[in-house]
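A short write-up of the structure that comes next.
Every chain is numbered from 1 and lettered A, B, ... according to where its sequence line falls, protein lines coming before strand lines.
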Amino acid sequence: MTQILSIQNILKKASFSTDMKESQRVMWEEERYTDGSKWRFLEHKGPVFAPPYEPLPDKVRFYYDGKPMKLSAPAEEVATFFAKMLDHEYTTKDIFRKNFFKDWRKEMTSEEKSKITDLNKCNFSDMNEYFKAQSEARKQMSKEEKQKIKEENERLLQEYGFCIMDNHKERIGNFRIEPPGLFRGRGDHPKMGMLKRRIRPEDIIINCSKDSKHPKPPPGTKWKEVRHDNKVTWLASWTENIQGSIKYIMLNPSSRIKGEKDWQKYETARRLKKCVDRIRNQYRDDWKSKEMRIRQRAVALYFIDKLALRAGNEKEEGETADTVGCCSLRVEHIKLYPKMDDQEYVVEFDFLGKDSIRYYNRIPVEKRVFKNLQLFLENKQPEDDLFDRLNTSILNKHLQELMDGLTAKVFRTYNASITLQQQLKELTSDDSIPAKILSYNRANRAVAILCNHQRAPPKTFEKSMQNLQTKIDEKQNQLSAARKQLKAAKADHKASHDDKSKKAVEVKRKAVQRIEEQLMKLQVQATDREENKQIALGTSKLNYLDPRISVAWCKKCDVPIEKIYNKTQREKFAWAIDMAEKDYEF
DNA sequence: GAATGGACTTGAACAAATTACG
DNA sequence: CGTAATTTGTTCAAGTCCATTC
């Protein structure tokens, strides 16, 4: 309770606002509650369901064992899910095929079931061609047809894409129900290929306020339930059939409820900044503890702090891909090197983290940490837990005692934001705007590397790099040509000393200058792109970097905010754009 | 405490829209 | 102007963390 109250007080003091009028801002402040409720009034139109299945035209055939076969509608629908994915690597994977086939058979009639017994004898290529042709046809549609679709989408957005929460019209994040399809788990997921069933109104729980106009279910259907729970922020939910977890319809990041939460997150990280030295001293001390659980806790916290690792909750074995975070690291995920090249006490990490993204890092650690790790590894098998006396619950309980509201993920936020701030200070030159933006991207990149935000190198990367290089070469040729011309013009002017030739010199000088700038811009672009090959900047920008740092930097360096944040990002960070001055310190 | 459920944030992949280019 | 490259937006899976129950 004290925690909630203190947050409320912070909210009140800091005049949280976007581009609202003063009167509205006061209203916002009055709308914040101390009892854990999230809203007083909530009205919306309910979700938009996936369009019903449209059977294939008869000419599109499915072949079993070389012979055409007409499928019942339910079996055909599931078959189309597979047919659409034929070019995808998924359909070559054993688990995917096995899971798909098992679930597909459940949708078959008994005749189909007895006939179709081997997926390898199924030929979906005709269906696959059909869908390719369809999407090609969609691309070839006339301007008018495309415009019509766009207008229909816009109408749907206007009708279902917004809700009223308290006194504001807010954008909904995901108002469409997920369509049925084949589950695409990441990495080695044991459930990949399973059928994600179609969601019906009878599966949906609606959440809205009692005194609002309740959303109407589609004709002839009913909601599973209509409830009025203002302790939560979601508008609708349903239970998904793959993991049995709940999915939600929630508001867009631009909404008050998400913005305030985001702001709180950064305020918590700033509070960590004030006491991080104390906490670091504490865990360094704990490396010497006579209790094993405390040493483990302290080493794990060191990793979370230094390497920005995720907490690492336990996962149910066999239900998901085998991935780990800090607390769930196993012996097989680290290697210890007392000496490596010219460094001492090197730890090599190699494991699959969230989304089965590989984390690989070699890092020298302090001797005490190294000795502790050796101790933790004693008498263990590769598949044993590295921190056998620790889990995220224990760790977070400890962190809560060190600072109000502190959890493992706050370190990620804190280290990301503080790194951006430091890097911006270090890297920013008083150069041209493109050079400043390169500096910003480099600072952003340092954070993305810290957080291990990777992306698959774009398919066309090599080619686009080459194209850019060609352009640079061309520009260089242009430049030397322009310089020659300038020289000639100067000589001409020296000879004639007339106004006309003087003007010509000026014109040529300008031309050289322009080309130099263009060349510079291209070179900067090439550097930026090369450095960004496998790094994804978006995730840290959206989730880890206190936007006020970026806003302040833009103001200080005279960089228009539009160069850093696009429209959506400006909407999400409206509160920060409004709040931060050029001297803002994280 | 361990297991489970629930709510919410984070994350890469993919699709659509927009911009750059020949 | 049409096409290709790039950026922006959407999707939905996969985490974190907290509350509840036994």
Under 4.0 Å between a side-chain N or O of Lys261(A) and OP1 or OP2 of dC8(B)? no

So, is the end of the Lys191(A) side chain (NZ or CZ) under 6.0 Å from the ring centre of Phe183(A) and within 45° of the ring's axis? no

Is the side chain of Thr268(A) donor-acceptor paired with the backbone N or O of Gln264(A) at a distance under 3.5 Å, no angle test? yes

Students often get this wrong, so: under 4.0 angstrom with heavy atoms, is Gly538(A) touching a base, only sugar-phosphate, or nothing? nothing

Lys231(A) side chain near dA7(B) phosphate (N/O to OP1/OP2, under 4.0 Å): no

Mind checking if Arg138(A) touches a base, just sugar-phosphate, or nothing, with heavy atoms under 4.0 Å? nothing

Can you tell me if Tyr130(A) and Asn128(A) form a side-chain donor-acceptor pair at under 3.5 Å? no

For dT10(B), take OP1 and OP2 only and decide whether either is under 4.0 Å from a side-chain N or O of His453(A). no

Does a salt bridge link Lys196(A) with Glu240(A), judged by any charged N lying under 4.0 Å from a carboxylate O? no

Is NZ or CZ of Lys169(A) both nearer than 6.0 Å to the six-membered ring centre of Phe162(A) and within 45° of the ring axis? yes

Face-on cation placement of Lys93(A) at Phe96(A) ring, 6.0 Å and 45° thresholds: no

Does a nitrogen or oxygen in the side chain of His88(A) sit under 4.0 Å from OP1 or OP2 of dA13(B)? no

Is the phosphate of dA12(B) approached by Thr539(A) (side-chain N or O, under 4.0 Å from OP1 or OP2)? yes

Looking at Asn543(A), I'd like to know whether one of its side-chain N or O atoms comes within less than 4.0 Å of OP1 or OP2 on dT9(B). no

First of Lys567(A) and Leu406(A) reached from the 5' end of DNA chain C, by closest nucleotide: Lys567(A)

Would you kindly give the CD1-to-P distance between Ile149(A) and dA15(B), to the nearest whole Å? 17 Å

Is the phosphate of dT16(C) approached by Thr392(A) (side-chain N or O, under 4.0 Å from OP1 or OP2)? no

Indicate, with a heavy-atom threshold strictly under 4.0 Å, whether Arg186(A) touches base, sugar-phosphate, or nothing. base

So which nucleotide from dA7(B), dC17(C), dG11(B) ends up closest to the side chain of Met250(A)? dA7(B)

Check this one for me: any side-chain N or O of Lys409(A) less than 4.0 Å away from OP1 or OP2 of dT10(B)? yes

Is Arg184(A) close enough to dT11(C) that one of its side-chain N or O atoms is under 4.0 Å from OP1 or OP2 there? no

Below the 4.0 Å mark, does dA13(C) have OP1 or OP2 next to a side-chain nitrogen or oxygen of Lys247(A)? yes

Reckon Gly353(A) touches a base, only the sugar-phosphate, or nothing at all at heavy-atom distances under 4.0 Å? sugar-phosphate

Heavy atoms under 4.0 Å, any strand shown: does Lys397(A) hit a base, just sugar-phosphate, or nothing? nothing

Verify the contact: side-chain N or O of Lys265(A) to OP1 or OP2 of dT10(B), cut-off strictly under 4.0 Å; return yes or no. yes

Check this one for me: any side-chain N or O of Asn174(A) less than 4.0 Å away from OP1 or OP2 of dT11(C)? no

What does Thr323(A) touch in the nucleic acid at a heavy-atom separation under 4.0 angstrom: a base, only the sugar-phosphate, or nothing? sugar-phosphate

Determine: side-chain N/O of Tyr544(A) to OP1/OP2 of dG11(B), distance under 4.0 Å, yes or no. yes

Among Asp322(A), Asp385(A), Asp350(A), which one satisfies salt bridge (Lys or Arg N to Asp or Glu O under 4.0 Å) with Arg330(A)? Asp322(A)

Nearest to the side chain of Asn566(A) - dC8(B), dC12(C), dT8(C)? dT8(C)

If you pin Gly185(A) and Val410(A) to their nearest nucleotides in DNA chain C, which one's is more 5'? Gly185(A)

Given the structure, check if the side chain of Lys354(A) and the base of dT10(B) hold any donor-acceptor pair shorter than 3.5 Å. yes

Look at the side-chain N and O atoms of Thr233(A) and state whether any lies under 4.0 Å from the OP1 or OP2 oxygen of dC8(B). yes

Would you kindly compare Ile257(A) and Ile246(A) by the position of their nearest DNA chain B nucleotide and give the one closer to the 5′ end? Ile246(A)

Classify the nucleic acid contact of Leu542(A) as base, sugar-phosphate or nothing, counting any heavy atom under 4.0 Å across all strands shown. nothing

Checking all strands, does Pro253(A) fall into the base, sugar-phosphate, or nothing category for heavy-atom contacts under 4.0 angstrom? nothing

Against the side chain of Glu178(A), the closest entry in dC12(C), dA7(B), dC18(C) is dC12(C)

By the 4.0 Å heavy-atom rule, please label Ala408(A) as base, sugar-phosphate, or nothing. sugar-phosphate

Closest nucleotide of DNA chain B for Gln454(A) versus for Ser237(A): which of these residues is on the 5' side? Ser237(A)

